[in-house]
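By convention here, the first residue in the shown sequence is residue 1.
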Amino acid sequence: MLLPLAAVLVPALPAAADPTCPFPAIADVYAYQQTPEATMLTGRVDPAAHCPSDGTLTSIDSGEQISFSYGSFEIPLGTESGDWYLSSLTVWDVNTGTPEETRTFQPTAPYLIRVLDPTRITSTEPASYVGYGDRVTVSGYLEGWTAADGWRRMPGRDLSIATGNGSDGHPPVPTVTDASGAYRLSVRVYNSWAGGAMYAGTDQWLRSYSYSQVQVHGLVSADVSDRTPGVGQRIVVTGKVAPGAVPVWLERLVGEEWVKVSPTVTATANGYYRLTYRATTRGVQQLRVWNDGTEPEGRMGIQPYSAEFKLAVHR
């Protein structure tokens, strides 16, 4: 099933101070045939309101109206661009269940519905697990669908390949599909699921994107002040992690379980950290510096990673 890109909410200046549900700054209203078998066109107000919303579409010719909710709607198959427009939108306060704000619109851009032909990007890259900033090869092909021709490859189209999460300072890399509608290039990735391709769309074609199976783990180095300390002697472990400003701590292998043996420190913005440890028993000990990565709960960004080392502790 073809799905449009998730819209990014860009709130307009509120009519009242600090509204609970800010009204979205509407950038586009579009519709497309979601599958070849669809009997209606699927549409969307972009961006959708952050809170529940109701809206009305109005036919330019007949004045007929269609109500919809949550920014998504359906209009008759065969509709052309400019036949309908978004005539009103109400955003509801999610806490009180009352209307936060209602606005009405005229049949002008961007409120006129644009009917677009769908596109899709099929990724052919394998799943991979790589370090922060490593290179991966991304590949795939772009297709567009029309009722007359079905799915056809789209050569000579501009794509952008994500390298980060969109806000970490790592911009997308541009590329162009070749004569067969395919793309293939090597990029550095700085966030899990980076490497996906995006097609921005045109006045005819709907934008689309591909899913990337790349997962990125953090980097960590460990320098130990003394690998043969005496019992009770303090050692210092220093190094660098990437990205910076992530939680770091020391763990010791006890049996088959890793046990935390130091407080958590946050690496500097440049990634430097310093940890200390005192061994309380003699013998060989296996330890590791743990880089907890980003988004510790969801593990959606940079995955954890570690650097292991051994101590030969004497009396």
Side-chain angles (χ1 to χ4, degrees), residues 2-10 119-143 153-178 180-201 206-222 239-249 265-273 288-308:
L2 278 169
L3 295 176
L5 281 176
V8 178
L9 179 65
V10 182
T119 65
R120 65 186 181 190
I121 302 173
T122 301
S123 173
T124 56
E125 69 186 60
S128 59
Y129 182 63
V130 299
Y132 182 83
D134 282 355
R135 283 193 173 276
V136 298
T137 297
V138 298
S139 59
Y141 53 90
L142 172 68
E143 296 175 294
R153 296 282 188 97
M154 301 177 68
R157 301 289 174 156
D158 293 328
L159 303 179
S160 58
I161 310 299
T163 63
N165 62 12
S167 61
D168 57 6
H170 300 289
V173 174
T175 190
V176 180
T177 57
D178 64 19
S180 69
Y183 66 94
R184 182 181 179 86
L185 69 160
S186 173
V187 297
R188 294 189 183 277
V189 289
Y190 299 91
N191 201 72
S192 291
W193 296 283
M198 178 178 176
Y199 174 57
L206 181 67
R207 66 187 181 270
S208 58
Y209 69 102
S210 68
Y211 175 74
S212 170
Q213 300 186 71
V214 173
Q215 293 191 51
V216 175
H217 64 74
L219 305 179
V220 54
S221 65
K240 189 174 182 180
V241 296
V246 296
V248 182
W249 62 78
V265 300
T266 300
T268 67
N270 292 328
Y272 294 102
Y273 71 88
R288 69 182 183 184
V289 177
W290 181 263
N291 170 354
D292 204 35
T294 62
E295 303 176 52
E297 293 183 4
R299 297 302 188 200
M300 294 297 290
I302 309 303
Q303 309 295 310
Y305 209 61
S306 63
E308 297 185 19

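For the pair W290 and P304, the minimum side-chain heavy-atom distance is below 4.5 Å. Proximity of V136 to V187: side-chain heavy atoms (C-beta onward) are separated by under 4.5 Å at one or more points. Within the 4.5 Å cutoff, the side chain of V248 has heavy atoms near those of the V289 side chain.
Counting all heavy atoms, side chain and backbone alike, V220 lies closest to V241 at CG2-CG1, 3.7 Å. Considering all non-hydrogen atoms of both residues, I302 and G218 come closest at CG2-N, 3.3 Å. Residues S212 and W193 approach most closely at O-CD1, 2.6 Å, considering heavy atoms. P243 and T294 get closest at one heavy-atom pair: CG-CG2, 4.3 Å. A pairwise comparison of heavy atoms in L219 and G131 identifies CD2-CA, 3.9 Å as the closest pair. In plain terms, the two heavy atoms of A197 and I161 that are nearest each other are CB-CD1, 3.5 Å.
Looking only at atom types and distance, the side chain of S208 has a donor-acceptor partner in the side chain of T119 under 3.5 Å away.
Checking Q215, E295, Q303 one by one against S192, the side-chain hydrogen bond (donor to acceptor under 3.5 Å, both in side chains) holds for a single residue, Q303.
Residues meeting the side-chain hydrogen bond (donor to acceptor under 3.5 Å, both in side chains) test with T177, sequence neighbours left out: none. For E125, the salt bridge (Lys or Arg N to Asp or Glu O under 4.0 Å) criterion is met by no residue, not counting sequence neighbours. When the salt bridge (Lys or Arg N to Asp or Glu O under 4.0 Å) test is applied to R157, no partner is found at least two apart in sequence or on another chain. Under the side-chain hydrogen bond (donor to acceptor under 3.5 Å, both in side chains) criterion, E143 pairs with R120, not counting sequence neighbours. For Y132, the side-chain hydrogen bond (donor to acceptor under 3.5 Å, both in side chains) partners at least two apart in sequence or on another chain are H170. For Y129, the ring pair (Phe, Tyr, Trp, His ring centres under 6.0 Å) criterion is met by H217, not counting sequence neighbours.
With hydrogens and angles disregarded, a donor-acceptor distance shorter than 3.5 Å links the side chain of Y183 to the backbone of S139. Without hydrogens or angle criteria, T122 side chain to Y141 main chain gives no donor-acceptor distance under 3.5 Å.
Residue-environment remark: OH (Y305) stays at or below the threshold of 12 foreign heavy atoms within 6.0 Å. Residue R184 qualifies as open at atom CZ: its count of foreign heavy atoms under 6.0 Å is 12 or below. Atom OH of Y211 has more than 12 heavy atoms from other residues, nucleotides or ligands within 6.0 Å.
In this structure, D158 CG and L142 CG are separated by 10.5 Å, a value rounded to the nearest 0.5 Å. Once rounded to the nearest 0.5 Å, the distance linking OG1 of T266 with CG of D292 reads 10.0 Å.
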> Yes or no on side chain to side chain contact (heavy atoms under 4.5 Å, CB included) for K240 and Y272, after CA distance, side-chain angles and deciding distance?
Replying inline: CA-CA 4 Å; K240 189 174 182 180; Y272 294 102; 3.9 Å; yes
>> Using the rule given for side chain to side chain contact (heavy atoms under 4.5 Å, CB included), can you reason through L159 versus I121, listing the C-alpha separation, both sets of side-chain angles and the distance that settles it, and then say yes or no?
In response: CA-CA 10 Å; L159 303 179; I121 302 173; 4.2 Å; yes
>> Working note: V216 + N191, criterion side chain to side chain contact (heavy atoms under 4.5 Å, CB included); need CA distance, chi angles, decisive distance, verdict.
In response: CA-CA 6 Å; V216 175; N191 201 72; 5.7 Å; no
>> With side chain to side chain contact (heavy atoms under 4.5 Å, CB included) as the criterion, how do V173 and L185 come out once you've worked through the C-alpha distance, each side chain's angles and the decisive distance to 0.1 Å?
In response: CA-CA 10 Å; V173 174; L185 69 160; 3.9 Å; yes
